[in-house]
Colleague: 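Take a look at the following structure, please.
Chain A is the first sequence line, chain B the second, and so forth, proteins listed ahead of strands; every chain is numbered from 1.
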2 protein chains.
Amino acid sequence: MAGNSHKILLVDDEPDILEFLKYSLEKEKYSVTIADNGADAIKLALANIPDLILLDVMMPDMDGMETCTRMRERKELSNTIIAFLTARGEDYSQIAGFSAGADDYITKPIKPKVLISRIKALLRRNASPNDSATVLQANGSLKIDKERYIVIKKGKELSLPKKEFELLTLLVSKPGKVFTRDVILSEIWGHDIVVGNRTIDVHIRKLREKIGDDLIQTVKGVGYKFIGAEAA
Amino acid sequence: MAGNSHKILLVDDEPDILEFLKYSLEKEKYSVTIADNGADAIKLALANIPDLILLDVMMPDMDGMETCTRMRERKELSNTIIAFLTARGEDYSQIAGFSAGADDYITKPIKPKVLISRIKALLRRNASPNDSATVLQANGSLKIDKERYIVIKKGKELSLPKKEFELLTLLVSKPGKVFTRDVILSEIWGHDIVVGNRTIDVHIRKLREKIGDDLIQTVKGVGYKFIGAEAA
DNA sequence: CCTTGTCGTGAATGATGTGTTAAGGGAATC
DNA sequence: GATTCCCTTAACACATCATTCACGACAAGG
């Protein structure tokens, strides 16, 4: 991503604020989408995954808190930063906000300069883990290219289905580390979505079929781990 | 998972829900205590500190909110997770709930699967600081890597079965200290699960087979202890 | 010495978790 | 709207780990 073409979704029920912030952000070359209620915000967010969502807490119908919670339930938005906007004095909601999965908390009245600097910080913070790992190198024989969404094994390019790719990426992200089934479930399926307990096995099996049996090791009663080229 | 016998305190004034949830949780090997009112809940919580408290919001006399607040005033319960149970639609209480010090918020009707997955997520979140010592160093000749779930003896990597690994980890966690059989049982098997009295011996034996006889010492009539490289 | 209690040992049994296959539902794609 | 492909579930086989059991060794005390 070059510089500032980050996508920001702005959610507030007051048209004035909406317009004011939109103007401020666009002046900084951000790509801004707006919504004036939670439901629309979720739809828009899913339709075009933003990098950052600015969410007003006080809104009719679905408030910011709930909107945030629902967004966090969607795996697609797991890498998206969510920041709350709220009036000073609503301190209590701050705790709730973080608990609902927010990354930051910005109090009104909002000064454009502060907002911008805050946003830059937020985006920078999340930029590194996301981008740096565009290519995950496993052990020479295996590479994962997140950007192109393919796995390269001994020069051959494999294109894995989504779940398998995510599962492999998770395991490779920390070679040797054992990922318990619970962790795998909540990392890949999200903390509320529940699938049967044989599902992971099946994906593991498909992965082993494709990348070789010896790369993924079972630790019975615990979970799975990815094995690099370890001294046996 | 036997190491998973987390203690959960369940508080609700409706016997049906209480029983239903208790059943669901115990099926997952959690150690469940119940209370049907806030006052009892606090007493029980202090008597036997739980890892997680599930607290119904709507209760006669002392409601969930107040119970939570009072619990949070006790230092002993500062590490305990508190989650509210409430009917959907009581949105306002959600904010108040977090404000009272709750860690999560689960809406009725409760689906067991969702509840379990939520609980696991909550407990895991708090589990990390505990496991912070990813690598246990024993005495130079023995290392335990909890994350990778392996034991390294003189450079060789051994992968032990779960129970053996847990047992060794326990002993090594405090070299020289004698762990009585009772302590070992409740640490590894949980307070409720009961196994025969020869079981520990067998695991100890397997451990000695794998890591060497001299590292684990028997203290007859008392228990076992791990011996570092002590000058004999 | 004999008794008593504790631990070590090896083999047998039981329980649990995982591998595997196939089939159905659903979403995405054309 | 039809056809893929992917995700998930279910059922069963299988392996490994956990546990029990019976017995022998050993030490301490009577």
Side-chain angles (χ1 to χ4, degrees), chain A residues 46-47 74-76 149-151 158-171 178-185 187-190 192-225, chain B residues 1-5 27-29 113 117 149-151 158-171 178-182 184-185 187-190 192-225:
Chain A
L46 290 173
R74 304 302 299 245
K75 224 227 107 238
E76 303 94 308
Y149 224 81
I150 56 173
V151 173
L158 301 172
S159 68
L160 303 180
K162 193 173 156 206
K163 280 279 186 292
E164 289 170 36
F165 186 85
E166 288 171 349
L167 179 53
L168 181 60
T169 302
L170 177 66
L171 292 178
V178 177
F179 292 86
T180 67
R181 300 173 98 80
D182 287 346
V183 170
I184 293 174
L185 278 177
E187 287 291 327
I188 296 189
W189 277 266
D192 277 341
I193 297 135
V194 183
V195 296
N197 50 353
R198 295 257 62 71
T199 302
I200 292 180
D201 304 24
V202 176
H203 286 291
I204 289 283
R205 179 182 156 273
K206 286 183 189 158
L207 270 179
R208 292 211 254 236
E209 257 179 22
K210 289 169 185 168
I211 66 169
D213 280 12
D214 32 348
L215 292 181
I216 299 175
Q217 202 173 85
T218 303
V219 181
K220 236 187 129 167
V222 185
Y224 297 93
K225 64 177 166 180
Chain B
M1 303 202 181
N4 197 4
S5 55
K27 211 169 60 178
E28 293 290 322
K29 305 271 173 67
K113 274 192 173 183
S117 116
Y149 227 83
I150 56 176
V151 174
L158 301 172
S159 67
L160 304 179
K162 197 176 156 200
K163 279 278 186 293
E164 289 169 35
F165 187 86
E166 287 174 351
L167 179 53
L168 180 60
T169 302
L170 177 65
L171 293 178
V178 178
F179 291 86
T180 66
R181 301 173 97 80
D182 286 347
I184 293 174
L185 278 177
E187 286 291 328
I188 296 188
W189 277 265
D192 297 328
I193 297 131
V194 182
V195 294
N197 51 352
R198 295 260 63 73
T199 302
I200 292 180
D201 304 23
V202 176
H203 286 292
I204 290 283
R205 180 182 112 233
K206 287 184 190 157
L207 270 179
R208 293 211 254 236
E209 266 176 17
K210 288 169 184 167
I211 67 169
D213 281 11
D214 35 346
L215 292 180
I216 298 174
Q217 204 172 84
T218 303
V219 181
K220 253 189 109 165
V222 186
Y224 297 92
K225 65 176 168 180

Colleague: Please tell me which of the listed nucleotides, C:dG10, C:dT18, D:dC7, lies nearest to the side chain of A:Lys220?
Modeller: C:dT18
Colleague: Whole angstroms only, please: what is the CD-C1' distance between A:Gln217 and C:dG19?
Modeller: 15 Å
Colleague: Rounded to the nearest Å, what distance is computed from the CD atom of residue A:Glu209 to the C1' atom of nucleotide C:dA22?
Modeller: 13 Å
Colleague: Looking at every strand, decide which applies to A:Tyr224 at a 4.0 Å heavy-atom threshold: base, sugar-phosphate, or nothing.
Modeller: sugar-phosphate
Colleague: Parallel, tilted or perpendicular: which one describes the rings of B:Phe165 and B:Tyr149, with boundaries at 30° and 60°?
Modeller: parallel
Colleague: Expressed as a whole number of angstroms, how long is the span from B:Leu167:CG to D:dA18:C1'?
Modeller: 13 Å
Colleague: Give the rounded distance in Å between these two atoms: CD1 of B:Ile204 and P of C:dG10.
Modeller: 16 Å
Colleague: Rounded to the nearest angstrom, tell me the gap between atom CG in A:Leu207 and atom P in D:dT8.
Modeller: 13 Å
Colleague: Using whole Å, report how far NZ of B:Lys163 lies from P of C:dT16.
Modeller: 11 Å
Colleague: Taking the minimum atom-to-atom distance to the side chain of A:His203, which one of D:dT8, D:dT19, C:dG19 wins?
Modeller: D:dT8
Colleague: Working note: A:Leu167 + A:Phe179, criterion side-chain contact (heavy atoms from CB on, under 4.5 Å); need CA distance, chi angles, decisive distance, verdict.
Modeller: CA-CA 10 Å; A:Leu167 179 53; A:Phe179 292 86; over 6 Å; no
Colleague: I want to confirm an ordering. Mapping A:Asn197 and B:Gly223 to their closest nucleotides on DNA chain C, which one lands closer to the 5' end?
Modeller: B:Gly223
Colleague: Whole angstrom is fine here: how far is it from CD1 in B:Ile216 over to P in C:dG8?
Modeller: 10 Å
Colleague: Please confirm whether the shortest side-chain N or O distance from A:Trp189 to OP1 or OP2 of D:dT8 is below 4.0 Å.
Modeller: yes
Colleague: Compare every heavy atom of B:Lys210 with every heavy atom of B:Leu158, then report the nearest pair and how far apart it is.
Modeller: CD1-O, 3.7 Å
Colleague: Using a cut-off of 4.0 Å on non-hydrogen atoms, how would the nucleic acid contact of A:Thr218 be classed: base, sugar-phosphate, or nothing?
Modeller: sugar-phosphate
Colleague: Find the distance A:Asp201:CG to C:dG17:C1' and express it as a whole number of Å.
Modeller: 8 Å
Colleague: What pair of heavy atoms forms the shortest contact from A:Arg181 to A:Asn197, and how long is it?
Modeller: NH2-O, 3.4 Å
Colleague: Please tell me which of the listed nucleotides, D:dA18, D:dT20, C:dT20, lies nearest to the side chain of A:Arg198?
Modeller: C:dT20
Colleague: So which nucleotide from C:dG19, D:dT8, C:dC7 ends up closest to the side chain of A:Val195?
Modeller: D:dT8
Colleague: Go through D:dT19, C:dT9, C:dT21 for me and flag the one nearest to the A:Val202 side chain.
Modeller: C:dT21
Colleague: What's the separation between atom CG in B:Leu171 and atom CD in B:Glu187, rounded to the nearest 0.5 Å?
Modeller: 11.0 Å
Colleague: Between the side-chain atoms of B:Arg205 and the base atoms of C:dG10, is any donor-acceptor pair under 3.5 Å?
Modeller: yes
